[in-house]
Amino acid sequence: MTLARDSIARAGRTSSAGLWTRIWTSRWCYLFMLPSLVLAGMFTFYPMVMSWYFSFLDWSGFTSARTFVGLDNYRELIGDPLFWDAFGRSFLFVIVAVPIRLVLALLVAILLNNQALKLAPVFRTFFFLPVVTTAAIVGIVMTFVLSPYRGPVNQALMGLGLIPEPIDFLGDPDTALWTVMAVEVWKNFGITMIYWLAALQTVPRIYYEAAKVDGAGRFQLLRYITVPMLLPFAAIIVLLTANATLHVFAIVQAMTRGGPYFATQVIEVYIYQTAFAADQVGGVPRLGYASAAGCFFGVVVMVIALLQVYVARKAAQVRAQLVNE
Amino acid sequence: MTLISVVLLAVCFVWVYPFLWMVSSSIKTNAEVFSGLGLFPKAIRLDNYVRAWHDAHIGDYFFNTVFVTVTSIVISVLAVSMMGYVLGRYRFPGKRVVIGLLAAAVFLPEGYTIIPIFDLINKLGLQDSLWGLTLAEAGGAHVVAILLFAGYFSQLPKELEEAAMMDGAGFVRIFWQVYLPLAKPVTATAIILQFMHSWNDFLLPLVLTLNKPELRTLSVGIYSFQGEYFTDWSGMAAAATIGLLPIIVVFLFLQRYFVEGIAGAVKQ
């Protein structure tokens, strides 16, 4: 065993050793990776491949009857207005909810990053609380709080004279999507705030002190030090936040189940309902068709993610230049 | 500073008001729930909890959730720490391929993988037990935890393992008795991330327990409660409170690791 360990160390350095020798001396490494790779294989890589296969099938899930139908599902998908509506809604969700979440979270993070603020950890805990809460619970709590029947939000708004009569926030197709977005921002705000706090802590204090000596004001510190230093992190944080928001599911399903009249049916809800809850939308389960929707959406997301990674790299280069100057 | 603190405190109160309202509703009568903005009930009613626990089977769902959460934590933290150890400390053929595969998995939408997972669990014959759900939860998004372990292990000094090798320790013992005990902070973070993932997950338990109400987790049980007992507001509030309290208690005790773990993911 000791010998094997020695040769692993050596194998790393000397590339002259044969590939098979290096693989053999690294056998413990492969053995150690096995549990994780088996899990990832079963629940990540296998599904990635099989989704594509399923997307070419006509398959209800009730029976084992699976007919190969080629690109039929995709052809139908392209002509399905419900799918495109859900697709568009997911992106609307991102375009509206992500910037709000990013900006609000950054503002609060800058406030909480102030060392003079003694209660900062307490505030941080409060803001983080909805993050650790199950979406199903948030769903119930929000139907309570937003209830048109004397729910606290309507009571408060009417008490302040802001609205003449109660609003059915989640039951009215005109308000449902915006309400769901607001709740989603509220629930996940804390994660983005923690991301920003982590990024802010990487900015060396000495930069601020030097700038202050040069007579920089509070706004100038923000404009010339904080913002440029945050740029590479901003790219990652935008990526993570947008990615999570594109995949929003539980919170919508728990609050509105995609309704009323499909008003909140985002893409993941569409996929779930097409595959597993067809009775909710009046139809039979269609696992193949839902897979096609998933694959199509997956490809679009991948392309966007790659673009974002590219932007993140660029931003990191900008920061590196700033630090060198 | 005092002004900022006061404003933030007010904002925080509004921020967590929905939870306070829920907990207070759970000890009110159904009639009293929608009687105003007040949080304090006239009399404390605990029968809501009894009703939720027994009649709505929240008790059973609670134990299902504990089972799935605990077993998936054990499985995933073991797998992830071993993976992180190898990636953090060794060079071997194929390492880049492994890292590339892991990175590709980060942006995978759940809706994209759920149908094959559902199919796989059925094929394995695990659809009538909680083990299928446990495995799927353990196999979920743990790339972040692998990276955290890899980063941590790569920084530990090499002298430790050389000393252990002098004493005749092999690969497994060096990991198990020398390095893993040193990685307590990362292990805590990994446990918390997996706890949050398994306890709060919705889509997987929903799909994997579709025809088996007795296997529901809290998440799915509370969701179904909403559909089945729509008018029992205080009962629902009690059910939701039962689901909420464990994670809040865990969070409050370990929040330092929570925050560091998530922050670490960005800095990586």
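Below, all heavy atoms of this structure are taken into account, side chains as well, without hydrogens, waters or symmetry copies. To find a chain, count down the sequence lines: A is the first, B the second, and so on, and within it residues start at 1.
- Between A:Phe276 and B:Leu206, every side-chain heavy-atom pair lies at or beyond the 4.5 Å cut-off.
- Of the two parts of B:Leu244, the backbone and the side chain both hold a non-hydrogen atom closer than 4.5 Å to a non-hydrogen atom of chain A.
- Between chain A and the options B:Val80, B:Leu9, B:Leu218, B:Ile4, the largest number of non-hydrogen pairs under 4.5 Å is found for B:Leu9.
- Side-chain atoms of B:Asn200 come within 3.5 Å of backbone atoms of A:Val132 as a donor-acceptor pair (strictly under, hydrogens ignored).
- Shown are A:Phe123, A:Phe128, A:Phe126, A:Phe189; of these, the ring-ring contact (aromatic ring centres under 6.0 Å, His included) with B:Trp15 is made only by A:Phe189.
- Residues that satisfy the side chain to side chain contact (heavy atoms under 4.5 Å, CB included) test with B:Leu126, not counting sequence neighbours, are B:Ile121, B:Leu124, B:Ser129, B:Trp131, B:Leu135.
- Residue A:Leu117 comes nearest to B:Ser5 through the heavy atom pair CD1-OG, 3.4 Å, listed as atom of the first residue, atom of the second, then distance.
- Heavy-atom distances place both the backbone and the side chain of B:Ala237 under 4.5 Å from chain A.
- Closest approach of B:Met236 to A:Ile140, counting heavy atoms only: SD-CD1, 4.0 Å.
- With a 4.5 angstrom heavy-atom cutoff, A:Ile23 touches chain B via backbone and side-chain atoms both.
- Contact of B:Phe195 with chain A is not made at all, since no heavy-atom distance falls under 4.5 Å.
- You'll find the ring centres of A:Trp186 and B:Phe19 inside the 6.0 Å limit.
- The distance from the CH2 atom of A:Trp59 to the CG atom of B:Asp119 is 4.0 Å, given to the nearest 0.5 Å.
- Minimum interatomic distance between B:Ile115 and A:Ala290 (heavy atoms only, all atoms of both residues): CD1-CB, 3.6 Å.
- For the atom pair CG of B:Leu101 and CG of A:Leu37, the computed distance is 8.0 Å after rounding to the nearest 0.5 Å.
- The cationic group of A:Arg27 does not satisfy the cation-pi geometry with B:Phe92, failing either the under 6.0 Å distance to the six-membered ring centre or the 45° limit from the ring axis.
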Is there a side chain to side chain contact (heavy atoms under 4.5 Å, CB included) between B:Trp199 and A:Thr134 once you walk through the steps?
CA-CA 8 Å; B:Trp199 190 275; A:Thr134 315; 4.1 Å; yes

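- Looking at A:Leu112, only its side chain comes within 4.5 Å of chain B, counting heavy atoms on both sides.
- At least one side-chain heavy atom of B:Ile146 sits under 4.5 Å from a side-chain heavy atom of A:Ser36.
- Among A:Ala293, A:Ser55, A:Ser291, the residue with the largest count of heavy-atom pairs under 4.5 Å with chain B is A:Ser291.
- Within the model, atoms CD1 of A:Ile137 and OH of B:Tyr223 stand 15.0 Å from one another, a figure rounded to the nearest 0.5 Å.
- For A:Pro35, the side chain to side chain contact (heavy atoms under 4.5 Å, CB included) partners are B:Ala79, B:Met82, not counting sequence neighbours.
- If you measure heavy-atom distances from A:Phe127 to chain B, the contacts under 4.5 Å come from both the backbone and the side chain.
- For chain B, the nearby part of A:Trp52 is the side chain; its heavy atoms alone come within less than 4.5 Å.
- At a 4.5 Å heavy-atom cutoff, the contact between A:Tyr30 and chain B is made by side-chain atoms alone.
- Ring pair B:Tyr90/A:Phe32: centre-to-centre distance not below 6.0 Å.
- Across all their heavy atoms, B:Ala138 and A:Leu39 have their closest contact at O-CD1, 4.0 Å.
- Closest approach of A:Leu19 and B:Pro93 over heavy atoms only: CD1-CB, 3.9 Å.
- When heavy atoms are compared at a cutoff of 4.5 Å, B:Ile248 approaches chain A solely by way of its side chain, counted from C-beta outward.
- B:Thr113 OG1 to A:Met50 CE: the interatomic distance, rounded to the nearest 0.5 Å, is 13.5 Å.
- Contact annotation for A:Ser147: only side-chain heavy atoms (C-beta onward) come within less than 4.5 Å of a heavy atom of chain B.
- Residue contact with chain B, scored on non-hydrogen atoms closer than 4.5 Å, involves the backbone and the side chain of A:Ala250 alike.
- Residue contact with chain A, scored on non-hydrogen atoms closer than 4.5 Å, involves the side chain of B:Leu252 exclusively.
- Here the CH2 atom belonging to B:Trp21 is positioned 8.5 Å from the CZ atom belonging to A:Phe144, to the nearest 0.5 angstrom.
- The distance from the SG atom of A:Cys29 to the OH atom of B:Tyr85 is 8.5 Å, given to the nearest 0.5 Å.
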